[in-house]
Amino acid sequence: MTIDVELSLRRGAFALDVAFAAGAGLTALFGRSGSGKTTVIHLIAGLAQPDRGRITVDGTVLLDTARHIRAPVHLRRIGCVFQEARLLPHLSVRHNLGFGRWFARRQGVETSAPEVDNVVEMLGIGPLLERHPAGLSGGERQRVAIGRALLSKPRLLLMDEPLSALDASRKNEILPYIERMRDEAGIPIVYVSHSVEEVSRLASTVVVLEAGRVSASGPADDVLRRPDLIPHATEAGAILSMTVAAHDEVTGLTRLSGPAGQLTVPRLGAAPGSAVRLRVPARDVLIATAWPHGLSARNVFPGRITTMREAGASVMVEIDCNGAILAARVTRASARDLDLTPGHAVFAIVKSVAFDPQGVGIGQGEPVEV
């Protein structure tokens with residue numbers, strides 16, 4: 001499944017001119033407030049009309065202004081999840097989900113009972129079916145809203161900052177379900193966020209918007225290493241895909257393995273063999289030109305500098321550690337004193353990792369020294 005988007009719009013002083021393509025998985029529209037992210041979502045959904053544009057989903061043309069094609073909202077087969085769950089308060093969870101099936105039927109698509117069961121199981125909402133929205137937590141309401149959207153049998157799912165109204169604990173509650181949906185639902189997802197943590201954890205592809213234009217797009221691990229592309233440059237860093245190798249019950253640590261080598265983190269809840277994604281902030285990576293001794297940090301990876309970019313008073317250094325790319329932020333003085341240049345063999349020392357205490361993805365809490 002693929003989506004291709006080209007949109008142009010001018011409203012007063014604001015001008016939007018974007019083009020991007022996305023495939024399976026989750027594509028994050030990322031950027032500062034006012035950059036045009038929600039406008040793009042509304043245009044894709046058909047809730048607003050561009051001056052010019054073209055939208056195709058898996059080869060089906062939903063919009064082509066040059067050919068005067070504008071599919072109406074109810075025929076686009078696009079599911080939407082917004083900041084607020086917008087459930088029907090007088091209906092139970094079961095009947096709110098049934099509304100999604102009814103919408104699919106209106107578009108000539110049937111949702112089978114096994115498909116309903118799969119969505120209910122995937123989102124963990126079986127125990128909620130007879131309850132009403134007023135008796136649900138914010139995270140539970142959003143899971144039901146996602147289920148309703150999926151049961152409308154969309155060819156594309158749009159999610160406009162679905163976690164922004166939730167506190168940290170509720171976000172951590174719902175993030176694993178969004179990950180599972182991304183991996184199992186089999187439809188492309190376009191996800192709006194300005195949170196580096198959410199995007200790092202969820203996104204396959206990142207499209208960065210700045211003042212109504214695409215300033216960069218590409219794989220999440222490439223884009224999120226670039227401080228010039230991140231609204232808060234101190235949050236730039238690398239994403240590592242690793243596997244839980246073992247737990248040490250004596251020390252309370254978990255050992256992860258990946259292309260760069262082994263990484264030790266505080267005890268995670270995932271079973272050995274589980275895949276995890278970790279965000280390693282560039283500010284928490286040190287560079288040494290010789291194997292370090294006498295440090296509390298336990299994670300040291302040999303590698304070679306591939307790229308150096310100036311970032312204000314600092315330099316962002318990218319290090320290839322056997323195919324895994326780490327990013328480190330150092331001062332210009334340190335780069336000069338260490339004689340850092342592309343091709344230079346170095347050691348990357350990881351001080352801390354932002355991680356999910358339940359062992360899946362990236363948590364919202366403070367980084368922990370490892």
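Note: hydrogens, waters and symmetry copies are ignored here, and every other heavy atom, side chains too, is used.
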To the nearest 0.5 Å, how far apart are [atom1] in [X] and [atom2] in [Y]?
X      : Y      : atom1 : atom2 : answer
Ser200 : Leu224 : OG    : CG    : 4.5 Å
Leu268 : Met242 : CG    : CE    : 11.0 Å
Asp284 : Asn299 : CG    : CG    : 12.0 Å
Leu128 : Ser92  : CG    : OG    : 11.0 Å
Thr27  : Leu158 : OG1   : CG    : 11.0 Å
Leu256 : Leu240 : CG    : CG    : 9.5 Å

Between [Y] and [X], is there a side-chain heavy-atom distance shorter than 4.5 Å?
X      : Y      : result
Leu43  : Leu16  : yes
Thr39  : Leu9   : yes
Leu63  : Gln49  : yes
Leu26  : Thr205 : no
Pro162 : Gln83  : no
Leu209 : Phe30  : no
Thr65  : Arg70  : yes
Leu175 : Glu197 : no

Pair Asn322, Phe301 - check side-chain contact (heavy atoms from CB on, under 4.5 Å), show working. CA-CA 9 Å; Asn322 194 34; Phe301 302 108; over 6 Å; no
Please answer whether the main-chain N or O of [Y] pairs with a side-chain N or O of [X] as donor and acceptor at a distance below 3.5 Å.
X      : Y      : answer
Arg201 : Glu179 : no
Arg148 : Gly100 : no
Thr289 : Leu338 : no
Thr243 : Ala245 : no
Arg155 : Val57  : no
Arg141 : Leu136 : yes
Thr56  : Gly59  : no
Thr331 : Ser334 : yes
Ser257 : Gln262 : no
Lys37  : Glu161 : no

Ion pair check, [X] and [Y], cut-off under 4.0 Å:
X      : Y      : result
Glu173 : Arg143 : yes
Arg309 : Glu318 : yes
Arg225 : Asp222 : yes
Asp320 : Arg304 : no
Arg52  : Asp17  : no

Can you give me the closest heavy-atom contact between [X] and [Y], atom names plus distance?
X      : Y      : value
Ser152 : Phe103 : CB-CD2, 4.0 Å
Ala185 : Leu150 : CB-CD2, 4.3 Å
Ser241 : Pro259 : O-CD, 4.1 Å
Pro176 : Asn172 : CD-O, 3.1 Å
Leu166 : Gln142 : CD1-CG, 4.4 Å
Ala335 : Val315 : CB-CG2, 4.4 Å

Check against side chain to side chain donor-acceptor pair (under 3.5 Å), Asp160 and Thr38: CA-CA 7 Å; Asp160 187 7; Thr38 294; 3.1 Å; yes
State yes or no: do [X] and [Y] share one hydrophobic cluster built from I, L, V, M, F, W and Y residues joined by side-chain heavy-atom distances below 4.5 Å, directly or via other members?
X      : Y      : result
Leu129 : Ile146 : yes
Leu340 : Phe347 : no
Ile78  : Leu47  : no
Met316 : Val330 : no
Val120 : Leu87  : yes

Take a 6.0 Å sphere around [atom1] of [X] and say whether it holds more than 12 heavy atoms from other residues, nucleotides or ligands.
X      : atom1 : value
His344 : NE2   : yes
Arg10  : CZ    : no
Glu84  : CD    : no

Salt bridge (charged side-chain N to carboxylate O under 4.0 Å, His left out), that's the test. Do Glu310 and Arg332 meet it? Break it down for me. CA-CA 8 Å; Glu310 292 189 0; Arg332 293 185 183 182; 3.2 Å; yes
Is the cationic atom of Arg86 (NZ for Lys, CZ for Arg) positioned less than 6.0 Å from the six-membered ring centroid of Phe82 and within 45 degrees of its normal? yes
Can you list the steps and then say if Arg77 with Asp58 is a salt bridge (charged side-chain N to carboxylate O under 4.0 Å, His left out)? CA-CA 12 Å; Arg77 286 187 56 199; Asp58 204 29; over 6 Å; no
Applying side chain to side chain donor-acceptor pair (under 3.5 Å), run through Thr254 and His247 and close with a yes or a no. CA-CA 4 Å; Thr254 293; His247 302 297; 2.8 Å; yes
Decide side-chain contact (heavy atoms from CB on, under 4.5 Å) for Ile44 and Leu156; before the verdict, give the C-alpha distance in whole Å, the side-chain angles of both, and the deciding distance to 0.1 Å. CA-CA 10 Å; Ile44 295 173; Leu156 169 68; 3.7 Å; yes
Test Met159 against Val192 for side-chain contact (heavy atoms from CB on, under 4.5 Å), laying out the working first. CA-CA 6 Å; Met159 305 184 76; Val192 167; over 6 Å; no
Between Glu110 and Lys153, is the salt bridge (charged side-chain N to carboxylate O under 4.0 Å, His left out) condition met? List the steps. CA-CA 8 Å; Glu110 286 295 330; Lys153 297 294 287 288; over 6 Å; no
Report the C-alpha separation of Ile325 and Asp221 in whole Å, then their side-chain angles, then the decisive distance to 0.1 Å, and conclude whether the side-chain contact (heavy atoms from CB on, under 4.5 Å) test is met. CA-CA 8 Å; Ile325 307 298; Asp221 54 348; over 6 Å; no
For residues 156-182, pull every pair meeting ring-ring contact (aromatic ring centres under 6.0 Å, His included), keeping only residues two or more places apart or in separate chains. none
